[in-house]
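Have a look at the structure below before the remarks.
What you are looking at is a predicted structure, and each value in this text was computed from that prediction instead of being measured. So you know, we letter chains A, B, ... as the sequences are listed, proteins then strands, and number each from 1.
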There are 2 protein chains.
Amino acid sequence: MNIKDAGKRVGLPPKTIRYYEDIGLVTPDRANNGYRDFSDAHLHKLTFLARARSLGFSIDDCRDLLALWEDQDRASGDVRAIAKEHLAAIEAKIAGLQDMRATLADLVQSCAGDARPDCPIIENLQRG
Amino acid sequence: MNIKDAGKRVGLPPKTIRYYEDIGLVTPDRANNGYRDFSDAHLHKLTFLARARSLGFSIDDCRDLLALWEDQDRASGDVRAIAKEHLAAIEAKIAGLQDMRATLADLVQSCAGDARPDCPIIENLQRG
DNA sequence: ATAGACCTTCCAGTTACAGTAAGGTCAAAG
DNA sequence: CTTTGACCTTACTGTAACTGGAAGGTCTAT
């Protein structure tokens, strides 16, 4: 299967799939004309990657997860450890964003937002 | 004032300040020896930038906010519009992360995390 | 034969810096 | 007077994970 159709199947743009090949995540076969040729196994792997990326795992995480996925003797504890760490990172990010949101929401709410120059948002920013 | 002390004052690493000069956000004076020389006005501007960045505004947003800050005839509505858009982006990001968190938390919770290979996390990933 | 939809590789750009190298400057100590 | 160490300078590279574009080859249908 050519790259465009493969991309449609797994939900990734061709560009991204080529990138994944560049960095060694997948290695599709090549047809005689030089076109990439994706087998079911490749598609399966790409689907795995797409899903992991959509859950916010980094490429490096994905590399580790792929290795575990392919290791029939893996310990589920290893997988869980990666997921837990990622979960903690996500929660930290959420907390940071929620702080920002609270402050911003206050500021937006307190600003008249009309033609006059007086602006609590600007004032807050300049006070540091 | 030299760059290191300026950085300490406003809470930004020297590298970041040089970068901000590179992209035209600040233009400190230069002493005879070529060292950057920061006035109170520069420090004030940098403080403004540091605060805006800490609220998650992009560099481009900061550029616009700075212009409004320095425009005594600004309309507060213009400031508010930028803040509102940013607020919406943050809220969207939070929502996305919360989705991830929910899914991941479920998976982590459902995985025994021991030495056995059976792993609901891997299974979820491979199903897409 | 040709049009258009694919495919290929390679290079540049994105965000907001951080790291490092090579070298100039300054203040204090020996 | 020199040396040391802390500071400063510019310039180049690398980061994450792609995206866009150029130049050119291939395939299919008309």
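- Over its full length, the helix from C:dA1-D:dT30 to C:dG30-D:dC1 turns its helical axis through 30°, comparing axes from the five pairs at each end and rounding to 10°.
- OP1 or OP2 of D:dT10 sits under 4.0 Å from a side-chain N or O of B:Arg30.
- A sub-4.0 Å separation between OP1 or OP2 of D:dC8 and a side-chain N or O of B:Asn33 is absent.
- Cluster annotation: B:Ile122 is connected to A:Ile59 through the hydrophobic network of ILVMFWY side chains, with a link wherever side-chain heavy atoms come within less than 4.5 Å.
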From CA spacing to verdict: side-chain contact (heavy atoms from CB on, under 4.5 Å), A:Asp60, A:Arg63
CA-CA 5 Å; A:Asp60 267 0; A:Arg63 219 182 281 276; 3.8 Å; yes
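- Residues A:Leu55 and B:Ile94 share a single hydrophobic cluster, defined by chaining ILVMFWY side chains whose heavy atoms lie under 4.5 Å apart.
- Considering only residues two or more places apart in sequence or on other chains, A:Arg9 meets the salt bridge (Lys or Arg N to Asp or Glu O under 4.0 Å) condition with none of them.
- A:Tyr19 has its OH atom 6 Å from the C1' atom of D:dA16, to the nearest Å.
- For A:Ala6, the side chain to side chain contact (heavy atoms under 4.5 Å, CB included) test picks out A:Met1, A:Phe38, A:Leu43, with sequence neighbours left out.
- Pairs of residues two or more places apart, or lying in two chains, that qualify as side-chain hydrogen bond (donor to acceptor under 3.5 Å, both in side chains) and include a residue from residues 73-83 of chain B are A:Asp114-B:Ser76.
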Test log, rule side-chain contact (heavy atoms from CB on, under 4.5 Å), inputs A:Glu85 and A:Asp61
CA-CA 10 Å; A:Glu85 207 164 313; A:Asp61 282 341; over 6 Å; no
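- For B:Asp64, the side chain to side chain contact (heavy atoms under 4.5 Å, CB included) partners at least two apart in sequence or on another chain are B:Ile82.
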Dump the pairs, protein N or O against N or O of nucleotides 23-25 of chain D, anything under 3.5 Å, distances to one decimal.
residue : atom : partner : partner atom : Å
D:dG25  : N2   : A:Tyr35 : OH           : 2.9

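- Heavy-atom contacts of chain A under 4.0 Å fall on DNA chain C between two terminal nucleotides, which in 5' to 3' order are C:dC6 to C:dC10.
- The side-chain hydrogen bond (donor to acceptor under 3.5 Å, both in side chains) pairs that include a residue from residues 97-112 of chain B number zero, where partners must be two or more places apart or lie in different chains.
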Give each protein N/O atom lying under 3.5 Å from an N/O atom of nucleotides 11-14 of chain D, with the pair distance.
residue : atom : partner : partner atom : Å
D:dA11  : N6   : B:Lys15 : NZ           : 3.2

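- Residue whose closest nucleotide on DNA chain C sits further toward the 5' end, between A:Glu21 and B:Pro13: A:Glu21.
- When the salt bridge (Lys or Arg N to Asp or Glu O under 4.0 Å) test is applied to B:Lys45, the partners found at least two apart in sequence or on another chain are B:Glu70.
- Among the protein residues, A:Ile3 comes within range of the sugar-phosphate backbone only, with heavy atoms under 4.0 Å from sugar or phosphate atoms but none that close to a base.
- Sorted by first and then second residue, the pairs that involve residues 10-27 of chain B and meet side-chain hydrogen bond (donor to acceptor under 3.5 Å, both in side chains), not counting sequence neighbours, are B:Glu21-B:Arg30, B:Glu21-B:Arg36.
- Under the 4.5 Å side-chain heavy-atom criterion for ILVMFWY residues, a single connected hydrophobic cluster contains both A:Met100 and B:Leu97.
- Map B:Phe57 and A:Pro14 each onto its nearest nucleotide of DNA chain C; the residue landing nearer the 5' end is A:Pro14.
- Residue-to-nucleotide proximity on DNA chain D shows that, of A:Tyr20 and B:Lys4, the 5′-proximal contact is made by B:Lys4.
- Side-chain contact of B:His44 with B:Thr47: a donor-acceptor pair under 3.5 Å is absent, judged by distance alone.
- Under the ring pair (Phe, Tyr, Trp, His ring centres under 6.0 Å) criterion, B:His86 pairs with B:Phe57, sequence neighbours left out.
- Taking atom CD1 of A:Ile17 as the reference point, atom C1' of D:dA17 lies 15 Å away to the nearest angstrom.
- Counting non-hydrogen atoms under 4.0 angstrom, A:Arg18 reaches a base of the nucleic acid.
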